[in-house]
Amino acid sequence: MWCVTFTQGLTPEDALARYGADPRAARLLDYHHASSMYGESPQEEAVLRVGSLRSWSFCLEEESVTGALPATCSALSEGTETLSILRGGDGMNIFAHWRDKQCVERFDPGMPYTKPQPPRPWWDLLHDRLAAFPPQRSRLAPALEIVAAYIGAPLDSGTVDGPLLTARISAQRTHSPSHPHTTNLRPPGRRLPSPKPNPSAPVREGRALNSPYAPPQGANLGALVLRPDHVGRLDGDERAAGTVPTRLRRGGTILTSSPP
């Protein structure tokens, strides 16, 4: 289980404050030193690791879901925009886009019964990319790719393993998020057919709040994969895809990228 958010125009300190953490109590720790906080942290606390990618801040947490909660996304997106990706421990995944405290899109990638009402540019773009890859591939890998294209930089293993501002918050805010609202009352079935992806277009680094919204189309930043650095077993889709490194550490799962 892991969750990561990306917010435009915030410093790491600002992002921590909007999560409800005290930036003055945060420490700059690399992954090796931050990993010890998971053992020290009781179950009622969440550990946040925050950094910057161009003009965006990101916050990565493992074994907690604070960044997928509507209250957190609303606070993060005030006056700006936030993208949130959750890999839930119960098999539920959530992709969400918030703009100025309002949820624009929220769905479980690859699950047609969570398809949002139009306009739904993130759903359309993500499912174009899902249709272009084998079904064994992780459904969150394309989500990480389109976010990397949108903000103009991937969240790679070098960034995640390096020094990041690290803090704890109370897990009173980390209860499980509700499943995305559905627009199809039928239970999950086969994936709906999607059109083939569009040709590559120049990468954009977000958009102004008052501009029409559409994520970039088909940017190729290489294959982003989920690395099981903290788990002892892999999901079936990741194992079948054959793209997951075998080196394991304890705990949750973090993000990495492989070159094109």
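- At least one donor-acceptor pair under 3.5 Å links the side chain of Asp30 to the backbone N or O of His33.
- Under the rule for a side-chain contact (heavy atoms from CB on, under 4.5 Å), the partners of Cys73 that lie at least two apart in sequence or sit in another chain are Ser84, Trp98.
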Should Arg120 and Lys115 be marked as a side-chain contact (heavy atoms from CB on, under 4.5 Å) after you check the CA-CA gap, both sets of side-chain angles, and the distance that decides it?
-> CA-CA 8 Å; Arg120 45 178 179 262; Lys115 186 176 183 178; 3.1 Å; yes
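- No side-chain heavy atom of Arg27 sits less than 4.5 Å from a side-chain heavy atom of Leu165.
- By the ring pair (Phe, Tyr, Trp, His ring centres under 6.0 Å) test, Phe58 pairs with no residue at all, sequence neighbours left out.
- Listed here is the closest heavy atom pair of Pro109 and Leu140: CG-CD2, 4.1 Å.
- A side-chain donor-acceptor contact under 3.5 Å links Asp100 to the backbone of Gly79.
- No side-chain donor-acceptor contact under 3.5 Å links Ser52 to the backbone of Ser57.
- The two residues Cys59 and Val50 have their closest heavy-atom pair at SG-CG2, 3.7 Å.
- Side-chain atoms of Ser64 do not come within 3.5 Å of backbone N or O of Thr66 as any donor-acceptor pair.
- Leu28 places none of its side-chain heavy atoms less than 4.5 Å from the side chain of Thr166.
- The side chain to side chain donor-acceptor pair (under 3.5 Å) test with His97 singles out one residue from Glu81, Glu105, Arg106, and that residue is Glu81.
- In this structure, Trp2 CH2 and Glu62 CD are separated by 10.0 Å, a value rounded to the nearest 0.5 Å.
- Scanning both residues, Gly67 and Cys3, for their nearest heavy atoms gives C-SG, 3.5 Å.
- Minimum interatomic distance between Ile169 and Leu48 (heavy atoms only, all atoms of both residues): CG2-CD1, 3.8 Å.
- The closest side-chain heavy-atom distance from Val160 to Leu60 is below 4.5 Å.
- Taking CG of Asp161 as the reference point, atom CG of Asp156 lies at 9.0 Å (rounded to 0.5 Å).
- In terms of modelled atom types and a separation under 3.5 Å, the side chain of Ser77 and the main chain of Thr80 share no donor-acceptor contact.
- A 4.5 Å side-chain heavy-atom check between Arg139 and Met111 finds at least one atom pair inside the cut-off.
- Under 4.0 Å is where a charged nitrogen must lie from a carboxylate oxygen, and between Glu61 and Arg49 no such pair does.
- The line from OG of Ser35 to CG of Leu29 is 9.5 Å long, rounded to the nearest 0.5 Å.
- Residue Ala21 comes nearest to Pro23 through the heavy atom pair O-CD, 3.3 Å, listed as atom of the first residue, atom of the second, then distance.
- Between Leu83 and Phe95 there is a side-chain heavy-atom pair separated by less than 4.5 Å.
- In this structure the side chain of Val4 reaches within 4.5 angstrom of the side chain of Leu155, judged on heavy atoms.
- Two residues are said to be in side-chain contact when any heavy atoms from C-beta on lie closer than 4.5 Å; Arg54 and Gln8 fail this criterion.
- Two residues are said to be in side-chain contact when any heavy atoms from C-beta on lie closer than 4.5 Å; Leu144 and Ile85 meet this criterion.
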Test side-chain contact (heavy atoms from CB on, under 4.5 Å) on Asp108 and Ile94 and set out the steps.
-> CA-CA 5 Å; Asp108 187 337; Ile94 294 177; 5.7 Å; no
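- In this structure, CD on Glu145 lies 9.5 Å from CG on Leu126, to the nearest 0.5 angstrom.
- Checking side-chain atoms of Arg18 against main-chain N and O of Glu13 turns up no donor-acceptor pair under 3.5 Å.
- Across every non-hydrogen atom of Pro142 and Ser138, the tightest pair is CD-O, 3.3 Å.
- In this structure, the side chain of Thr7 does not engage the main chain of Thr82 through any donor-acceptor pair within 3.5 Å.
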Residue pair Phe107, Trp123: steps toward the ring-ring contact (aromatic ring centres under 6.0 Å, His included) verdict | CA-CA 8 Å; Phe107 55 86; Trp123 169 279; 5.1 Å; yes
